[in-house]
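So the structure is just underneath, and the comments pick up after that.
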Protein chains: 2
Amino acid sequence: MHKSKDLHQAGLKVTLPRLKVLNLFESSENHHLSAEDVFKMLIASGEDVSLATVYRVLSQFELSGILVRHNFEGGKSVFELNHGEHHDHIVCLQCGHLEEFFDSAIEARQKKIAAEHGFTIHDHSLYIYGDCTKESCPHKHRE
Amino acid sequence: MHKSKDLHQAGLKVTLPRLKVLNLFESSENHHLSAEDVFKMLIASGEDVSLATVYRVLSQFELSGILVRHNFEGGKSVFELNHGEHHDHIVCLQCGHLEEFFDSAIEARQKKIAAEHGFTIHDHSLYIYGDCTKESCPHKHRE
DNA sequence: TCACAAATGATAATCGTTCGCATTTGCAAA
DNA sequence: TTTGCAAATGCGAACGATTATCATTTGTGA
Ligand SMILES: [Mn+2]
Ligand SMILES: [Mn+2]
Ligand SMILES: [Zn+2]
Ligand SMILES: [Zn+2]
């Protein structure tokens, strides 16, 4: 089972809570989850974990590269599995619907800008906020 | 005095705390200030205001377009005067040094991406994080 | 199986921010 | 000018997200 292997190669002990969290991310419909999401979903499915442990595990997973953390507007961190392919996000302010994109032109410009300003680039975050056109989006259903 | 005029045309009553905050932003060396920064700087200069009022005023100023709010990593909001010219930021993770930039290529790509995904773009935030090369940056002074 | 460091759970504490409410103040009408 | 009153303030309590503390439990390697 590759789940405990993931933990091993991250240098983390294979504990029940960690397996539960990893499991959840690998099986969940929604790929972007907050600590509260994870906690509630685990509790709901009968897996009891402590909220404190959820927070700890999420941070450890981020540190070891298993998860990526995002800080969207709204103050709470959101995590997703790190599939190794960087991407950015476009978020609907009405319904929260989220889409992913990657644009090599933008990535290239960022590198250039960092260099021009004498910065060694570590990371960047780009979020586009707008209104989506999904049928289910409440935005479309307001007069 | 254009400061009270700014408040008037924003539809806000001209109160002492609001003038103090506006004043601070217009005279401060550092253009990017958190609520705590504003509060402490005002207190330090003998202007006594309530922290709650600082938060309220900052939010009102954001709403009326006098200030722009940024959500950098670290969880606290940072504000700057809205000079009408959108720009993004590159931040040093070591010393917090911050530089501004505007890149029309990136802006254009973002518009295109939003359109491709069927989004009406409202806003976006782009932060580049890295290490700067300022002499004063602690990064340079660690072995 | 054992020993022990590491991880967990429960809960208190922290941090940034907002709320509730009694008091003050800007401002416009008289 | 005074006066009336809605709007703004100050204070402290409350809040939501997250982290810290610490006694107890659990992997793991010997
Ligand atoms: Mn994603
Ligand atoms: Mn700026
Ligand atoms: Zn939507
Ligand atoms: Zn620096």
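Every chain is numbered from 1, with letters handed out A, B, ... down the list of sequences.
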Check for a donor-acceptor pair, side chain of A:N71 on one end and backbone N or O of B:E73 on the other, with a separation under 3.5 Å. no
Here the distance between atom C1' of C:dC19 and atom CD of B:Q60, to the nearest Å, is 14 Å
Please confirm whether the shortest side-chain N or O distance from B:T15 to OP1 or OP2 of C:dG26 is below 4.0 Å. no
Not counting sequence neighbours, which residues clear side-chain contact (heavy atoms from CB on, under 4.5 Å) with B:Y55? List them please. B:A35, B:L51
Flag, side chain of A:S34 to backbone of A:D37, donor-acceptor distance under 3.5 Å: yes
Heavy atoms, side chains only, cut-off 4.5 Å: are B:H124 and B:E107 in contact? yes
A:H70 vs A:H32 aromatic rings, parallel, tilted or perpendicular, using cut-offs 30° and 60°? tilted
Does the ring centre of A:F72 sit less than 6.0 Å away from the ring centre of A:H89? yes
Length of the CG-P vector between B:D48 and C:dT25, whole Å: 11 Å
Once you measure the plane-to-plane angle for B:F119 and B:H117, does it fall in the parallel (<30°), tilted (30-60°) or perpendicular (>60°) bin? perpendicular
Okay, side chain of B:S45, backbone of B:M41: is any donor-acceptor separation there less than 3.5 Å? yes
Calculate the interatomic distance between A:H8 atom NE2 and C:dA7 atom C1'; express it in whole Å. 14 Å
Closer than 4.0 angstrom, basic N to acidic O: yes or no for A:K40 and A:E36? yes
Starting at the 5' end of DNA chain C, which residue's closest nucleotide do you reach first, A:V57 or B:V14? A:V57
Of the listed nucleotides C:dT25, C:dG9, C:dA5, the one nearest the side chain of B:K13: C:dT25
A:K40 NZ to D:dG16 P, straight-line distance once rounded to whole Å: 11 Å
Measure from CG on B:L58 to C1' on D:dA8 and round the result to the nearest Å. 15 Å
Nucleotide C:dT8, atom C1' - distance to CZ of A:F39 in whole Å: 13 Å
Under 3.5 Å, which protein N or O atoms sit close to an N or O of nucleotides 18-21 of chain D? Give each pair with its distance.
unit_1 : atom_1 : unit_2 : atom_2 : d
D:dT18 : OP1    : A:S77  : N      : 2.9
D:dT18 : OP2    : A:Y55  : OH     : 2.7

For residues 16-30 of chain A, which residues have at least one heavy atom under 4.0 Å from DNA chain C? A:P17, A:R18
